[in-house]
2 protein chains.
Amino acid sequence: MPNDDDTQPPLTREALGLAALQVLEREGLAGLSMRKVATEVGVKAASLYWHVRNKEELLDLLNDAIMAGAEAPPRVGDWRSQLREYCHRHRRHLLDRRDAAKVVAGRLAPGPNLLRLQEDQLDRLREAGFSDADAAMVTYLLGTYVQGFVLQEQSPLSASEAMGASRREAVDAAADQLRALPPEEFPNLTALAGDLTEPDMETRFAFGVERILDGLAALLPAEKR
Amino acid sequence: MPNDDDTQPPLTREALGLAALQVLEREGLAGLSMRKVATEVGVKAASLYWHVRNKEELLDLLNDAIMAGAEAPPRVGDWRSQLREYCHRHRRHLLDRRDAAKVVAGRLAPGPNLLRLQEDQLDRLREAGFSDADAAMVTYLLGTYVQGFVLQEQSPLSASEAMGASRREAVDAAADQLRALPPEEFPNLTALAGDLTEPDMETRFAFGVERILDGLAALLPAEKR
DNA sequence: ACCTGAACACCGTTCAAGT
DNA sequence: ACCTGAACACCGTTCAAGT
């Protein structure tokens, strides 16, 4: 569909990112082609190469478009609860956008929208008493964890889930597969099949966040924990 | 090159995974096509569909082939040092195989080679005193962290690094970009530009591992930490 | 049981040519 | 300054046909 307005807004790089985001939402990352993004902005594929060196660069624009609208949590409570909220919001934000983690996780270069958040997070970390060096490492650690986690979360659990099966069915199937392993060779996997498959993603995510926060607390002098 | 031996070994699914791994090593994930894997095993592309439903399923085989040869650390020292070694080895293993994290990180279904490692890790976690539920969550957390981290590590830091620039140059460029931000709007990013860009990946990885291990220790009764 | 040729509907990218 | 048509060298996948 050549974009349904009559007047074309000027074709900025930012508009390209937005168009890519719409195609992503509609077709997923596998369906995101230069040709489709071009059609989305009412232009032919070859024209995109005037604005962008190649598809990689378009994905950089998409990367930033994905992070648009991400909001930092309110500045209330101790550093621990603020950081916790940060992680949960970041997860939610990615989770709400189809294939977002697949796009974002392979891209170190942060766009303006992510920079805004990092600036704010660094500020809170320093205020909480983390050293400059630690604060820098912490933002990297949290970003890596959230992106890595959602990347898993947004991938189909298995081939069976990729084709219509519900998450519940896929999880049960996974548990059965573990229980079917030879118990002499895999005593722990068979015994813990339930523990390994039951917890939902929300619980798993929170578990990781709390462990990391506990670990971070140990970096602070006792009275600031 | 139709594989250079005269006698074709029978074309098992495992052989397919191995062939895919060789193509991956040579051409990277972007260059891994059904046609090339087919040639690698001395067959035409269409023939692969006899052994495999689609490319997705071939990537599952590749996923397992990548994890082949991964070794658990020796069973010496306390749980902390054993788990630390686990993480560092897992990172090394992925890092040594081109684009390995990109393949592995989107695939929850573990192949036999990963199952072997998880079985062993669960055993050590339970022995260390973690509850069954915690042990299960911990293997998931550590796996997610390592995969997420290496995924970043194996991606080019920026477009400039993708084209020939060395890591050192790319890092310096990133630092300069941060320092060039308006300091009123980004006081922390500009001030911490050095701290954010200087640490090498080894250091960053270890930082995360140590924080997580500290966090895990808090799950254990005091005398087992 | 396993492989092939040929075809289909796509890709990303380049480039001369248009306005 | 920006866009296009046409082409190139690829893709994944299907399917009738071969052995």
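Naming convention: chains lettered A, B, ... in sequence-line order (proteins, then strands); numbering from 1 in each chain. Because the structure is a prediction, the values reported are computed rather than measured.
Here the side chains of Glu71(B) and Arg89(B) are in contact, with some heavy-atom distance below 4.5 Å. Side chains of Glu14(B) and Pro112(B) form no contact here, defined as non-hydrogen atoms less than 4.5 Å apart.
With salt bridges taken as basic N to acidic carboxylate O contacts below 4.0 Å, none links Arg98(B) and Glu27(B). A salt bridge links Arg91(A) and Glu202(A); the closest N-O separation between the charged side-chain nitrogens and carboxylate oxygens is under 4.0 Å. A salt bridge is absent between Glu153(A) and Arg204(A): the closest approach of a Lys/Arg side-chain nitrogen to an acidic carboxylate oxygen does not fall below 4.0 angstrom. The existence of a salt bridge linking Arg107(B) and Glu56(B) is confirmed by a sub-4.0 Å separation between a basic side-chain nitrogen and an acidic carboxylate oxygen. A salt bridge does not link Asp120(B) to Arg116(B): none of the charged side-chain nitrogens sits closer than 4.0 Å to a carboxylate oxygen.
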Contact list (N/O, under 3.5 angstrom) for nucleotides 4-8 of chain D vs protein:
from: dT4(D); atom 1: OP2; to: Lys44(A); atom 2: N; distance (Å): 2.7
from: dT4(D); atom 1: OP2; to: Ser47(A); atom 2: OG; distance (Å): 2.8
from: dG5(D); atom 1: OP2; to: Lys44(A); atom 2: NZ; distance (Å): 3.3

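Judged purely by atom type and a 3.5 angstrom limit, Arg13(B) uses its side chain to pair as donor or acceptor with the backbone of His51(B).
Taking side-chain N and O atoms only, Trp50(B) has no distance below 4.0 Å to OP1 or OP2 of dC3(C). Contact annotation: Lys36(B) does not reach the phosphate of dC10(D) (side-chain N/O to OP1 or OP2, under 4.0 Å). The phosphate of dA1(C) has neither OP1 nor OP2 within less than 4.0 Å of any side-chain N or O from His51(B).
Atom CG in Leu16(B) sits roughly 13 Å away from atom C1' in dC3(C) (whole-Å rounding). Rounded to whole Å, the distance from CE on Met34(A) to P on dC10(D) is 19 Å.
Out of dG12(C), dG12(D), dC11(C), the shortest distance to the side chain of Ser33(B) is found at dG12(D). Here the nucleotide nearest the side chain of Tyr49(B), chosen from dT13(D), dC11(C), dC3(C), is dT13(D). Residue Asn54(B) places its side chain closer to dT13(D) than to any other of dG12(C), dT13(D), dA1(D).
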For residues 183-195 of chain B, run the donor-acceptor check on the side chains, cut-off 3.5 Å, and write out each pair with its distance to 0.1 Å, sequence neighbours left out.
from: Asn188(B); atom 1: OD1; to: Arg126(A); atom 2: NH1; distance (Å): 2.7
from: Asn188(B); atom 1: ND2; to: Glu119(A); atom 2: OE2; distance (Å): 2.8
from: Asn188(B); atom 1: ND2; to: Asp123(A); atom 2: OD1; distance (Å): 2.9
from: Thr190(B); atom 1: OG1; to: Phe186(B); atom 2: O; distance (Å): 2.7
from: Thr190(B); atom 1: OG1; to: Pro187(B); atom 2: O; distance (Å): 3.0

Subject >> For DNA chain C, the dot-bracket pattern of Watson-Crick and G-U pairs whose distances stay under 3.5 Å, | for other-strand partners >> reply: ||.|||||...|||||.||
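Using a 4.0 Å heavy-atom criterion, one finds that Leu58(A) contacts no nucleic acid atom at all.
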